[in-house]
Chemist: 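First the structure, then my questions, so here it is.
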Amino acid sequence: MATKGNPGDNRNNKGPVSIFIVVALCGFFYILGLWQRSGFGKGDSIAVEITKHTDCSVLSDLNYETHHDGDAGTPDDSDGQVKEFKPCDDRYIDYTPCHDQARAMTFPRDNMNYRERHCPPQEEKLHCLIAAPRGYATPFPWPKSRDYVPYANAPYKSLTVEKAVQNWIQYEGNVFRFPGGGTQFPQGADAYINELASVIPLDNGMVRTALDTGCGVASWGAYLFKKNVIAMSIAPRDSHEAQVQFALERGVPAIIGVLGTIMLPFPSGSFDMAHCSRCLIPWGANGGLYMKEVDRVLRPGGYWILAGPPINWKHNYHAWQRPEDELKEEQRQIEDTAKLLCWEKKHEKGEIAIWRKALNNDECNEQDTQPTICESANSDDVWYKKMENCITPAKPGTTWKPFPERLNVVPSRITSGSVRGVSTELFEEDNRLWKKHVNAYKRVNKIIDSGRYRNVMDMNAGFGSFAAALDSPKLWVMNVVPTIAEKATLGVIFERGLIGIYHDWCEAFSTYPRTYDLIHANGLFSLYKNECTAEDILLEMDRILRPEGAVIFRDQVGVLKQVKRLAKAMRWNTKMVDHEDGPLISEKVLYAVKRYWVAGDNTTSTD
């Protein structure tokens with residue numbers, strides 16, 4: 001078969017080496033099928049499916065030689081001696097390094113500082129593998145996962161008692177069941193969302209991205225998928241044990257986080273809608289600081305929903321068992337801040353109020369009190385930056401198309417020149433390129449969009465074109481833009497109707513272990529080669545990847561050899577293949593599958 005860019009290399013004359021490579025590749029997937037475990041509590045048969053669907057003819061011309069790469073001529077030591085990473089102690093099964101409870105208690109409680117990110121120094125990092133709990137099971141496919149989670153995956157019953165009358169979660173045999181209720185909507189999220197939809201256009205694609213602060217087990221976000229709306233749910237790791245872990249086990253986007261002293265890890269003008277349902281955030285305090293932060297991440301024309309105290313306090317203070325004067329003052333502060341932000345109240349009924357942010361700054365010129373405008377030249381520079389008590393001006397040219405149309409049109413942040421060095425042509429070429437790459441991925445693993453992978457992460461997302469090419473109701477993608485990336489493209493990602501976050505991969509991600517099914521890492525290790533070790537990044541990937549989860553690395557061949565060597569020591573099965581344009585391209589693709597093993601296992605599953 002001819003290879004693009006290398007038509008005359010005699011590769012049709014396959015010798016014994018070529019045949020051996022073909023047999024080895026097919027044998028690799030066969031072996032994967034053998035070690036997969038099946039049945040409830042043991043994982044699934046992903047490798048069997050890969051073996052069944054792998055098109056060996058497509059991959060028959062593999063060539064692992066280095067071609068015009070910086071490492072050309074060096075031996076491939078990927079199979080050389082390497083230390084094996086040992087399992088961590090079982091007490092670390094649900095370890096969240098940057099949200100560790102013991103470390104959190106050493107920080108001030110003022111303004112929720114102790115619930116923010118506090119990562120361990122290098123000398124305190126774990127260099128071992130986080131085990132899955134005994135009996136760990138592959139999550140149910142969506143949408144069943146919305147309603148049921150295997151008990152063994154997150155064996156914490158406290159919320160079943162604490163929130164019993166609010167229908168958050170119920171324990172039934174060997175599963176948790178999620179009836180869809182919440183503190184504000186004990187009868188179910190559907191009716192609550194339909195009430196919101198009578199005010200907010202949730203059915204025409206104009207509202208696509210949402211932020212849910214204080215999300216609980218994320219039932220609001222879970223049921224918004226029916227409207228083709230994707231919510232980023234945020235909650236701290238606190239007394240409501242494992243609420244974010246439950247959200248991700250259900251297949252709903254969520255991170256550990258809190259409105260505290262630092263800015264949220266999102267660019268300005270990101271979300272179409274923000275929501276708080278009895279989230280216990282003091283919205284009127286500190287001069288409306290937290291409302292101003294919501295205003296920063298809310299796009300012009302976006303909506304803010306506040307349900308629960310102090311809304312309509314005159315009729316509800318008896319039921320809430322709170323002093324009348326206290327609630328009255330809280331609502332006054334919120335109303336004053338909303339007016340300062342130039343939000344228009346669109347609805348107040350029962351315990352629900354809805355405001356809409358002005359479409360442009362000109363609508364606010366006639367206010368009696370002029371707000372303080374933030375002076376920062378870059379409102380997207382937010383990583384570990386302190387919140388400012390000021391108002392972020394809206395970005396020009398942020399008129400968005402409805403979803404899914406806006407997924408592939410050129411975002412206004414690019415056409416307006418807001419992202420320096422990025423042209424319309426560059427964006428469109430990137431879009432085309434990732435459609436090609438994803439098609440190549442699917443030729444290797446044809447179950448990528450089958451429903452087997454629900455929670456997907458792109459660790460170096462660029463413009464979000466990998467996620468756009470994967471777009472499917474069966475999955476969602478957490479698009480991560482590294483804080484050291486050359487271009488701050490996360491605003492572009494949100495404008496496309498996708499979600500994501502800024503993050504520094506030298507630190508742990510704000511999630512629980514075993515919360516992602518498929519991880520994509522394009523050029524990540526080349527990007528971080530002078531920042532932190534590949535070992536640290538890979539150990540974090542192992543922490544957040546489910547047993548039998550998959551990883552796709554795309555990078556220079558010399559880099560991937562090092563990754564492959566370390567992955568072998570982490571109980572991952574790997575296979576490196578050529579770029580889809582042929583072996584002369586120095587960029588390669590490394591596929592990996594994390595083996596199934598649980599706490600107390602001396603060996604991984606091989607049967």
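Small disclaimer: the values here were computed from a predicted structure and weren't measured.
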Chemist: Of Y192, Y303, W304, which is the lone residue that meets ring-ring contact (aromatic ring centres under 6.0 Å, His included) with H275?
Modeler: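 That would be Y192.
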Chemist: For M291 versus W343, what's the shortest heavy-atom pair and its separation?
Modeler: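 Distance-wise, the nearest heavy atoms are CE-CZ3, 3.7 Å.
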Chemist: Does the pair R554 and Y441 meet the rule for a side chain to side chain donor-acceptor pair (under 3.5 Å), with working shown?
Modeler: CA-CA 11 Å; R554 180 178 287 271; Y441 295 160; 2.9 Å; yes
Chemist: Return yes if some donor-acceptor pair links the side-chain N/O of D380 with the main-chain N/O of G491 below 3.5 Å, else return no.
Modeler: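 Between the backbone of G491 and the side chain of D380 there is no qualifying donor-acceptor contact (under 3.5 Å).
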Chemist: So does G497 get a backbone contact from the side chain of T209, meaning a donor-acceptor N/O pair under 3.5 Å?
Modeler: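 Flag not set: sc T209 to bb G497 has no pair under 3.5 Å.
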Chemist: Has R208 got a side-chain atom pairing as donor or acceptor with F403's backbone, closer than 3.5 angstrom?
Modeler: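 Such a contact is absent between R208 side chain and F403 backbone.
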Chemist: Go through C390 and C374 one step at a time and tell me if the disulfide (SG to SG under 2.5 Å) criterion holds.
Modeler: CA-CA 5 Å; C390 55; C374 299; 2.0 Å; yes
Chemist: Taking V217's backbone N and O only, do any of them form a donor-acceptor pair with R250's side chain (distance below 3.5 Å, no angle check)?
Modeler: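 Indeed, once roles are kept as given, a pair shorter than 3.5 Å links the two residues.
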Chemist: Do F525 and V563 come close enough that some side-chain heavy atom pair is under 4.5 Å?
Modeler: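 When only atoms from C-beta onward are counted, V563 and F525 do touch, with a gap below 4.5 Å.
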Chemist: Can you tell me how far CZ of R117 sits from CZ of R103, rounded to the nearest 0.5 angstrom?
Modeler: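 One finds 11.0 Å between CZ of R103 and CZ of R117.
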Chemist: Is the backbone N or O of Y95 less than 3.5 Å from a side-chain atom of D100, with the two atoms forming a donor-acceptor pair by type?
Modeler: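 A pair under 3.5 Å: no.
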Chemist: Between N479 and I499 (side chain of the first, backbone of the second, donor and acceptor by atom type, cut-off under 3.5 Å), is there such a pair?
Modeler: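 Yes: the side chain of N479 pairs with the backbone of I499.
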Chemist: Suppose we call two aromatic rings close when their centres sit under 6.0 Å apart. Are F463 and W434 close by that rule?
Modeler: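 So the answer is no for these two rings.
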Chemist: Can any side-chain N or O of K594 pair as donor or acceptor with the backbone N or O of L545 at less than 3.5 Å?
Modeler: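 Indeed, once roles are kept as given, a pair shorter than 3.5 Å links the two residues.
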Chemist: Hey, does R496 have a side-chain heavy atom less than 4.5 Å from the side chain of P411?
Modeler: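 The answer is yes, as the side chains (C-beta and beyond) meet within the 4.5 Å cut-off.
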Chemist: If we only count heavy atoms from C-beta on, is the R237 to Y512 side-chain gap below 4.5 Å?
Modeler: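 A side-chain contact exists here, since the closest heavy-atom pair is under 4.5 Å.
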Chemist: Dump the intermediate steps for salt bridge (Lys or Arg N to Asp or Glu O under 4.0 Å) on R296 and E293, then the final yes or no.
Modeler: CA-CA 5 Å; R296 182 186 69 80; E293 178 64 0; 2.8 Å; yes
Chemist: Taking 4.0 angstrom as the limit, do K346 and E344 come out as a salt bridge?
Modeler: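 A salt bridge links K346 with E344.
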Chemist: Can you tell me which residue among Y502, W383, F271 is in a ring-ring contact (aromatic ring centres under 6.0 Å, His included) with F266?
Modeler: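 Going through Y502, W383, F271 one by one, the ring-ring contact (aromatic ring centres under 6.0 Å, His included) with F266 is satisfied by F271 alone.
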Chemist: So do K436 and D581 actually touch side chain to side chain, heavy atoms under 4.5 Å?
Modeler: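 Side chain of D581 against side chain of K436, heavy atoms only: contact under 4.5 Å found.
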Chemist: Hey, does L196 have a side-chain heavy atom less than 4.5 Å from the side chain of W220?
Modeler: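 W220 reaches L196 side chain to side chain.
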Chemist: Within the structure provided, determine whether E335 and R332 are in side-chain contact (heavy-atom separation under 4.5 Å).
Modeler: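 They are not in side-chain contact.
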Chemist: Should we count CD of E375 as having more than 12 external heavy atoms under 6.0 Å?
Modeler: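 Counting neighbours around CD of E375, 12 or fewer heavy atoms of other residues, nucleotides or ligands fall under 6.0 Å, so no.
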Chemist: Take H99 and S510, measure what side-chain contact (heavy atoms from CB on, under 4.5 Å) needs, and give me the verdict at the end.
Modeler: CA-CA 7 Å; H99 301 275; S510 291; 2.9 Å; yes
Chemist: For a quick test of your reading: what N or O donor-acceptor pairs under 3.5 Å do the side chains of residues 255-265 make, sequence neighbours left out?
Modeler:
{"from": "T261", "atom 1": "OG1", "to": "E116", "atom 2": "OE1", "distance (Å)": "2.6"}
{"from": "T261", "atom 1": "OG1", "to": "E116", "atom 2": "OE2", "distance (Å)": "3.2"}

Chemist: Considering only NZ, NE, NH1 and NH2 on the basic side and carboxylate oxygens on the acidic side, decide whether R546 and D517 come within less than 4.0 Å.
Modeler: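 Yes, this pair counts.
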Chemist: Could you note down all residue pairs passing side-chain hydrogen bond (donor to acceptor under 3.5 Å, both in side chains) where residues 480-494 supplies at least one of them, sequence neighbours left out?
Modeler: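 Residue pairs with at least one partner in residues 480-494: there are none.
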Chemist: Are side-chain N/O atoms of D430 and S465 paired as donor and acceptor at under 3.5 Å?
Modeler: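 There is such a pair (donor and acceptor under 3.5 Å, judged by atom type) between the side chains of D430 and S465.
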Chemist: Distance-only, no hydrogens or angles: does the K588 side chain make a donor-acceptor pair with backbone N or O of I585 under 3.5 Å?
Modeler: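 Checked: pair present.
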Chemist: Using the side chain to side chain donor-acceptor pair (under 3.5 Å) definition, which of the options T392, N389, T337 pairs with K292?
Modeler: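 Of all the options given, the one that passes is N389.
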Chemist: So does F509 get a backbone contact from the side chain of E540, meaning a donor-acceptor N/O pair under 3.5 Å?
Modeler: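 It does hold such a pair.
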Chemist: Is the side chain of R356 donor-acceptor paired with the backbone N or O of G301 at a distance under 3.5 Å, no angle test?
Modeler: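 Pair found, side chain donor or acceptor close to backbone of G301.
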Chemist: What verdict does the side-chain contact (heavy atoms from CB on, under 4.5 Å) test give for I311 and L306, after you've listed the backbone C-alpha separation in whole Å, the side-chain angles of each residue and the deciding distance to 0.1 Å?
Modeler: CA-CA 8 Å; I311 300 303; L306 178 59; 3.8 Å; yes
Chemist: Heavy-atom distance under 4.5 Å between the side chains of N439 and E580, does that happen here?
Modeler: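 No. Closest side-chain heavy atoms not under 4.5 Å.
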Chemist: Would you check if Y290 and P282 make a side-chain contact, meaning some heavy-atom pair closer than 4.5 Å?
Modeler: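 In short, these two side chains touch, coming nearer than 4.5 Å.
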Chemist: Have E249 and Q245 got a donor and an acceptor in their side chains that come within less than 3.5 Å?
Modeler: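 There is no such pair (donor and acceptor under 3.5 Å, judged by atom type) between the side chains of E249 and Q245.
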Chemist: Taking only Lys NZ, Arg NE, NH1 and NH2, and the carboxylate oxygens of Asp or Glu, determine whether R406 and E495 approach each other closer than 4.0 Å.
Modeler: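 Result for this pair is no, no salt bridge flagged.
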Chemist: With R420, which residues qualify under side chain to side chain contact (heavy atoms under 4.5 Å, CB included), at least two apart?
Modeler: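 Partners of R420 under the side chain to side chain contact (heavy atoms under 4.5 Å, CB included) test: none.
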Chemist: Taking the six-membered ring for Trp and the single ring otherwise, decide whether the centroids of H520 and Y453 are under 6.0 Å apart.
Modeler: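 Aromatic pair excluded; centres sit 6.0 Å or further apart.
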